[in-house]
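Below is one structure, written out as structure tokens; the observations come after it.
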Amino acid sequence: MLEIQELRKNPEKVIDGLKKRHFDAKPIIDEILSTDELWRQKKTELESISAQMNQISKEIGILFKQGNTEEANKAKSKTVELKEKESELKSDVDTLEAKITQLMYQLPNVPNDMVRAGKSEEDNEIVEEGGPKREFSFSPLPHWDLASKYDLIDFELGVKITGAGFPIYKGKGAKLQRALIAYFLDKAEQAGYQEHIPPHMVNEASGYGTGQLPDKEGQMYHVTEDNLYLIPTAEVPLTNIYRDVILPSEDFSIKITGYTPCFRREAGSYGKDVRGLNRLHQFDKVEIVRIEHPNNTAKALDEMVDHVRGLLNDLGLEYRILRLCGGDTGFASAMTYDFEVFSAAQEKWLEVSSVSRFDTFQSNRLKLRFKNADKKTQLCHTLNGSALALPRIVAALLENYQTEDGILIPVALQKYTGFDRID
RNA sequence: GGUGAGAUGGGUGAGUGGCUGAAACCAGCAGUUUGCUAAACUGCCGUACGGGUAACCGUACCGGGGGUUCGAAUCCCCCUCUCACCGCCA
């Protein structure tokens, strides 16, 4: 959620910024500001009435104590009218507040200056390309064929046990999965991120904290009996660790990581690009999360990009880095870099990581703050990124490292897998 | 699942209708004293919103929501959560 103080101070800047998303914020912001004006007026009025009530109540207390019942009762009668006015104003104020909140929830984050205006993924900027291109002297198989050829992943069995989008990894396929998780976690730890194993279900408050609720409710699996949600990403439990926290000084930089399975309903995305590992209801991911002083956010984002690039280079995959345009940048994000690897047999770019800075958009909802040098509380900045999401990495590894009679394992991974080829 | 207890400021913990935004202690911050360390002493020490250039003033908040009352941390109702014991169980 944006900060209303910013809207009051500089609405034009927000409106201009959101134009890069092709989002017409003017009508919403106009309504917010006029509602806010009215709210403040009513609020001031209410407070002055409350102050009068408090004063009279205090006097009544003293009168009773003195045994002056007559005067006390006289004072009581004075409160009747005030009380009525008070409850009326209270309900006005509540209504206006709810309206403002509801409008504020509709505004996406303002894109960073570096973000280009644009409507869809076609306007994204490719800021970097790297990694080795794979050429084949034979006709390469897509990963789903490789998975069954070498008995690594059983999609049909997953359908039997659970449903589509819940594959079962077997043998070396399972081992590869475990190796990647361990490898990603080790690299994150080396980069200074403290490992966490969070719960895989979260409560409603956490869902609101990171912004999955109320908008993206349909994306999460909901355990209605206990009102818990299966996490769509480790971002949710990891970031919510710092919900309602005030860090004691401005000297901080929090870096945490965690592996979790991620659960996504992917409602409405059936049919396209869902073959094999491309889109699943359950998948594994290692996430990195940072909580930073606003002055350090740009640097932190660069470090995260460097980190993810390092992983892809280590794995020897062809990749490209995109800076998303306004329209393609997620609702809560101020700037996002997507990482895509080239899946050589599908001949398709697959998104394997998304690294974003949210500035105060999340921390405003989370009430995540720090004490600045003036001893005032100030919102922290949050960032997060995948490092990395497994299934598409596995898809690319299988496809890009296939030979006619087996699949090679990148050197960086071999000490984790314990084998150097699958055949 | 059953029974019981509880939820107060960073922590411990007092407080059962008014002078309590909240005692006391601990932690923390600033200072005084002191050869250093330690100790002692003094002051400060919640958050949000509104008003004000500011000092400051006002309002709200004692798990959440509603009610009684001139007045609620304190009484009543509902909900959530936590702890303990029992049952079941990895």
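Proteins come first, then strands; the chains are lettered A, B, ... in the order of their sequence lines, and each starts at number 1.
- With values rounded to the nearest 0.5 angstrom, A/Glu6 atom CD is found 10.0 Å from A/Asn364 atom CG.
- Using the Watson-Crick or G-U wobble rule with both distances under 3.5 Å, B/U34 pairs with nothing in any strand shown.
- Rounded to an integer number of Å, the gap from A/Glu97 CD to B/U59 C1' is 12 Å.
- Classification of the A/Tyr416-A/Tyr183 ring pair by plane angle, with boundaries at 30° and 60°, yields perpendicular.
- Taking a cutoff of 4.0 Å between a charged side-chain nitrogen and a carboxylate oxygen, A/Lys299 and A/Asp302 do not qualify as a salt bridge.
- When rounded to the nearest whole Å, the span between CG of A/Asp226 and C1' of B/U80 equals 13 Å.
- Of the side-chain N and O atoms in A/Arg8, none sit less than 4.0 angstrom from OP1 or OP2 of B/C49.
- Atom pair A/Leu96:CG and B/C49:P shows a separation of 18 Å (rounding to whole Å applied).
- Comparing B/G31 with B/A24, their C1' atoms are spaced 23 Å from each other, to the whole Å.
- Looking at heavy-atom distances under 4.0 Å, A/Thr377 makes contact with sugar-phosphate atoms alone, never a base.
- Nucleic acid contact class of A/Ala75 (heavy atoms, under 4.0 Å, all strands): none.
- Only the P atoms considered, B/G43 is 48 Å distant from B/C79, to the nearest whole Å.
- The side chain of A/Arg40 places no N or O atom within less than 4.0 Å of a non-bridging phosphate oxygen (OP1 or OP2) of B/C49.
- For A/Gln5 and B/C49, the shortest distance from a side-chain N or O to OP1 or OP2 is below 4.0 Å.
- B/A5 and B/U82 make up a base pair, with Watson-Crick or G-U wobble contacts both under 3.5 Å.
- In this structure, A/Asn109 contributes its side chain and A/Ala332 its backbone to a donor-acceptor pair below 3.5 Å.
- Residue A/Gln41 is out of contact with every strand shown, counting any heavy-atom pair closer than 4.0 Å.
- Taking the side chain of A/Asn54 as heavy atoms from C-beta on, and the options B/G71, B/G50, B/A60, the nearest nucleotide is B/A60.
- For the P atom pair drawn from B/C57 and B/G4, the interatomic distance equals 49 Å after rounding to whole Å.
- In this structure, of B/G71, B/A60, B/U47, it is B/U47 that holds the atom nearest to the side chain of A/Lys371.
- B/G15 and B/C62: their C1' atoms are spaced 11 Å apart (whole Å).
- For A/Glu204, the side chain to side chain donor-acceptor pair (under 3.5 Å) partners at least two apart in sequence or on another chain are A/Asn227.
- Here B/A73 sits opposite no nucleotide as a Watson-Crick or G-U wobble pair (both hydrogen-bonding atom distances under 3.5 Å).
- Judged by Watson-Crick or G-U wobble contacts below 3.5 Å, the nucleotide B/G10 has B/C26 as its partner.
- In this structure, of B/G46, B/G58, B/G50, it is B/G50 that holds the atom nearest to the side chain of A/Trp39.
- Following rounding to the nearest Å, A/Lys58 (NZ) and B/G21 (P) show an atom-to-atom distance of 7 Å.
- Here the P atom of nucleotide B/G50 and the CD1 atom of A/Ile49 are 19 Å apart, to the nearest Å.
- Using a 4.0 Å heavy-atom distance criterion, A/Asn73 is classed as making no nucleic acid contact.
- Whole-Å rounding puts the A/Lys376 NZ to B/A48 C1' distance at 14 Å.
- With respect to the salt-bridge test (charged N to carboxylate O, under 4.0 angstrom), the residues A/Glu303 and A/Arg290 qualify.
- Rounded to whole angstrom, the span from the CZ atom of A/Arg369 across to the P atom of B/G46 amounts to 14 Å.
- Summarising the geometry, the separation between CD on A/Glu59 and P on B/G18 is reported as 18 Å, rounded to the nearest angstrom.
- For A/Lys43, no side-chain nitrogen or oxygen approaches OP1 or OP2 of B/A60 to under 4.0 Å.
- Residue A/Ser57 is classed as a base contact, given a heavy-atom separation below 4.0 Å to a base.
- Nucleotides of RNA chain B nearest to A/Ile56 and A/Asp94 differ in position, and the one nearer the 5' end is that of A/Asp94.
- Put simply, the side chain of A/His293 gets close to the backbone of A/Asn295: a donor and an acceptor are under 3.5 Å apart.
- Position along RNA chain B of the nearest nucleotide to A/Ile246 versus A/Phe64 favours A/Phe64 as the more 5'-ward residue.
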